[in-house]
Amino acid sequence: MQTSTTTHAGGNTDLLSGILGVEIRNEEKITAQDRLFCEKQQEMLYNALEQIDQWYGIFTKEAEKYRESHKISYKENGEISYTEKLYPDDSNYSHHEFRPFKSINMLASANHSANQNFASRIIGYFNRTYNVSVPVPEINGNTLKMGFRPQYMTHVDTVIEHLGGRSFRKTAEDELIKRFLQLVKPNRWSKVKPELKGDKISFPNIVIFDSFYHDFYNKNSMDYSSHQKMSDFCEGIAFGADDVLCGDREMVMRLNRNEVDTSIWYDLTTTNATGMKFFRNGRIDVRFKDREAASLCFNRLRLDELRLQEE
């Protein structure tokens, strides 16, 4: 996160230089294309916030007419508090007049949502581009002031801090392996775990097939929860087999998740993993071009670290 530093006479100027240097190095860790994206997002955000501020100024000026009659006050985030008369005076038409209170609060909400969207877009860009999983921070809507202008480097710093000194690639690999192991690890009562069998690796209990479709239509349709599992599974296989981070379920050629054929091997678009076979009990076997490729994948995904409860 960006920081501000106060120095005193006789303070350690080397320390200040070091802190500023960290911020410079953080910006240098992203590419020119990254910066271009962030700068464009910041420019568009500022344009939107400028419009919000203009209308906010107009409405708050109008609201001053009612400071005494409606006892108005402002919260830290720019929202307005007011009191409506329980029994308005209907001897005239004043109760039909437009009052800007709700509009002011809508603008304060828009200010918060715009800032939250900005954080999501900046961090989401790095997550998509570099296959990392940086959490998007929640912007506190109760303390965010009207007129605030965020700097994209604040969110870039969050990304860099998440890396913890590692490269984008190393972080993406570690997170991918963690997701994959979470998916394929045996549960507490399981008697089986992923197993290397020559030029194949067998993965038990990966997908679930909908019993209704099987009983009434005799079709093997993956249930909804298996869709994301298949994406994570294929992502892991692509990395383990070919050392790439772009794997997804589209790499299984001609696979129809609503009608899975358990009698065939599906061809894969990867080089070292050549086929995938599904079983009714949720098991998936992955076939490789040779024993060495299968063993390399097994070790790269750290499958040898998995243990059964009884082991």
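Without hydrogens or angle criteria, N299 side chain to S295 main chain gives a donor-acceptor distance under 3.5 Å. One N or O on the side chain of S120 and one on the backbone of Q116 form a donor-acceptor pair closer than 3.5 Å. In this structure a side-chain-to-backbone donor-acceptor pair under 3.5 Å is missing from R169 to R166. For the pair T171 (side chain) and S167 (backbone), a donor-acceptor distance under 3.5 Å is present. Side chain of K277 to backbone of I284: no donor-acceptor contact under 3.5 angstrom is found. With hydrogens and angles ignored, the 3.5 Å screen pairs a side-chain donor or acceptor of T270 with a backbone N or O of A273. In this structure a side-chain-to-backbone donor-acceptor pair under 3.5 Å is present from N272 to A241. Under a 3.5 Å cut-off, the side chain of Y46 and the backbone N or O of P150 do form a donor-acceptor pair. A distance-only check finds a donor-acceptor pair linking the side chain of R300 to the backbone of G240 [under 3.5 Å]. Between the side chain of N127 and the main chain of V134, a donor-acceptor pair closer than 3.5 Å is present.
Within the 4.5 Å cutoff, the side chain of M276 has no heavy atoms near those of the D285 side chain. You'll find the side chain of L49 reaches within 4.5 Å of the side chain of N115, heavy atoms only. At a threshold of 4.5 Å between non-hydrogen side-chain atoms, the residues I237 and M251 count as touching. Under the 4.5 Å side-chain criterion, counting only non-hydrogen atoms from C-beta, R254 is in contact with D267. Side-chain contact between Y56 and N111 is absent, with no heavy-atom pair separated by less than 4.5 Å. A 4.5 Å side-chain heavy-atom check between P194 and P204 finds at least one atom pair inside the cut-off. Proximity of I30 to R35: side-chain heavy atoms (C-beta onward) are separated by under 4.5 Å at one or more points.
Residue Y74 places its OH atom among more than 12 non-hydrogen atoms of other residues, nucleotides or ligands, all under 6.0 Å distant. Within 6.0 Å of NZ on K178 lie no more than 12 heavy atoms contributed by other residues, nucleotides or ligands. A 6.0 Å sphere centred on CD of E68 holds no more than 12 heavy atoms belonging to other residues, nucleotides or ligands.
Between L245 and A172, the shortest heavy-atom distance links the atoms CD1-CB, 3.8 Å. Scanning both residues, M146 and A108, for their nearest heavy atoms gives SD-CA, 3.7 Å. Counting all heavy atoms, side chain and backbone alike, T271 lies closest to K289 at O-CD, 4.5 Å. Across all their heavy atoms, H155 and A119 have their closest contact at CE1-CB, 3.4 Å. Of all non-hydrogen atoms in P100 and E62, the two that sit nearest each other are CG-CG, 3.9 Å. When all heavy atoms of R291 and G198 are compared, the closest pair comes out as NH1-CA, 3.5 Å.
Under the 4.5 angstrom side-chain criterion for Ile, Leu, Val, Met, Phe, Trp and Tyr, the cluster partners of F148 are I139, L144.
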Point to revise | Verdict with supporting geometry, I80 and S73, side chain to side chain contact (heavy atoms under 4.5 Å, CB included) | key: CA-CA 6 Å; I80 190 171; S73 61; over 6 Å; no
Exercise for review: Given side chain to side chain contact (heavy atoms under 4.5 Å, CB included), test F37 with Q42 step by step and report yes or no.
Suggested key: CA-CA 9 Å; F37 174 87; Q42 184 167 296; over 6 Å; no
Check your understanding: For E173 and K170, what are the C-alpha separation, side-chain angles and deciding distance, and is it a salt bridge (Lys or Arg N to Asp or Glu O under 4.0 Å)?
Key -> CA-CA 5 Å; E173 289 179 2; K170 185 65 170 65; 5.5 Å; no
Review point. Which is it for R179 and S133 under the side-chain hydrogen bond (donor to acceptor under 3.5 Å, both in side chains) test, yes or no, and what are the steps along the way?
Key: CA-CA 11 Å; R179 286 193 299 272; S133 302; 3.2 Å; yes
Check your understanding: What do the steps show when you test N220 against T262 for side chain to side chain contact (heavy atoms under 4.5 Å, CB included), and what is the final call?
Key -> CA-CA 8 Å; N220 297 315; T262 57; 3.4 Å; yes
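Remark: L303 CG to L196 CG distance equals 9.0 Å, nearest 0.5 Å. Taken from CE in M44 to CD in E39, the straight-line distance is 12.0 Å, to the nearest 0.5 Å. The structure places CD of E250 at 5.5 Å from CG of D248, a figure rounded to the nearest 0.5 Å. Atom CG of D261 is separated from atom CG of L255 by 10.0 Å, given to the nearest 0.5 angstrom. Interatomic distance, CD of E195 versus CG of L306, reported as 12.5 Å (0.5 Å rounding). Q41 contributes atom CD, which lies 10.5 Å from atom CG of L36 (distance to the nearest 0.5 angstrom).
With respect to E64 and R67, a salt bridge is recorded, a charged nitrogen being found less than 4.0 Å from a carboxylate O. Electrostatic pairing of R149 and E50 counts as a salt bridge here, judged by a charged N lying under 4.0 Å from a carboxylate O. Note on R302 versus D174: salt bridge recorded, some NZ/NE/NH1/NH2 to OD/OE distance being below 4.0 Å.
Evaluation of the ring-ring contact (aromatic ring centres under 6.0 Å, His included) test over residues 272-311, restricted to residues two or more places apart or in two chains, returns Y266-F278. Listed by first and then second residue, the ring-ring contact (aromatic ring centres under 6.0 Å, His included) pairs involving residues 184-203 are F180-F203, F203-F233 (not counting sequence neighbours).
Residues F126 and H162 place their aromatic rings such that the two centres sit no closer than 6.0 Å. Checked against the 6.0 Å centroid threshold, F101 and H70 count as a close aromatic pair.
Test V156, T158, V132 against I123 for side chain to side chain contact (heavy atoms under 4.5 Å, CB included) and you get one pass: T158.
L181 and L296 fall into different hydrophobic clusters, where Ile, Leu, Val, Met, Phe, Trp and Tyr are joined by side-chain heavy atoms under 4.5 Å apart, directly or via other members. Under the 4.5 Å side-chain heavy-atom criterion for ILVMFWY residues, no single connected hydrophobic cluster contains both M253 and M230. Under a hydrophobic clustering in which Ile, Leu, Val, Met, Phe, Trp and Tyr are joined whenever their side-chain heavy atoms come within less than 4.5 Å, directly or via other members, V286 and V192 fall into different clusters. Hydrophobic clustering, with ILVMFWY side chains joined whenever heavy atoms are under 4.5 angstrom apart, keeps V244 apart from L176. L268 and W265 fall into different hydrophobic clusters, defined by Ile, Leu, Val, Met, Phe, Trp and Tyr side-chain heavy atoms under 4.5 Å apart, directly or through other members.
Defined by atom type and a distance below 3.5 Å, a donor-acceptor pair is missing between the side-chain atoms of Y152 and D34. Between the side chains of R283 and N205, no donor-acceptor pair of N or O atoms lies under 3.5 Å. Using modelled atom types and a 3.5 Å distance limit, the side chains of D232 and Q228 yield a donor-acceptor pair. Residues N77 and N142 bring no donor and acceptor atom of their side chains to less than 3.5 Å of each other. In summary, the side chains of S221 and R257 do not present any donor paired with an acceptor at a separation below 3.5 Å, with no hydrogens or angles considered. Looking at N187 and S190, their side chains never bring a donor and an acceptor atom within 3.5 Å of each other. Donor-acceptor pairing under 3.5 Å is recorded for the side chains of R249 and S231.
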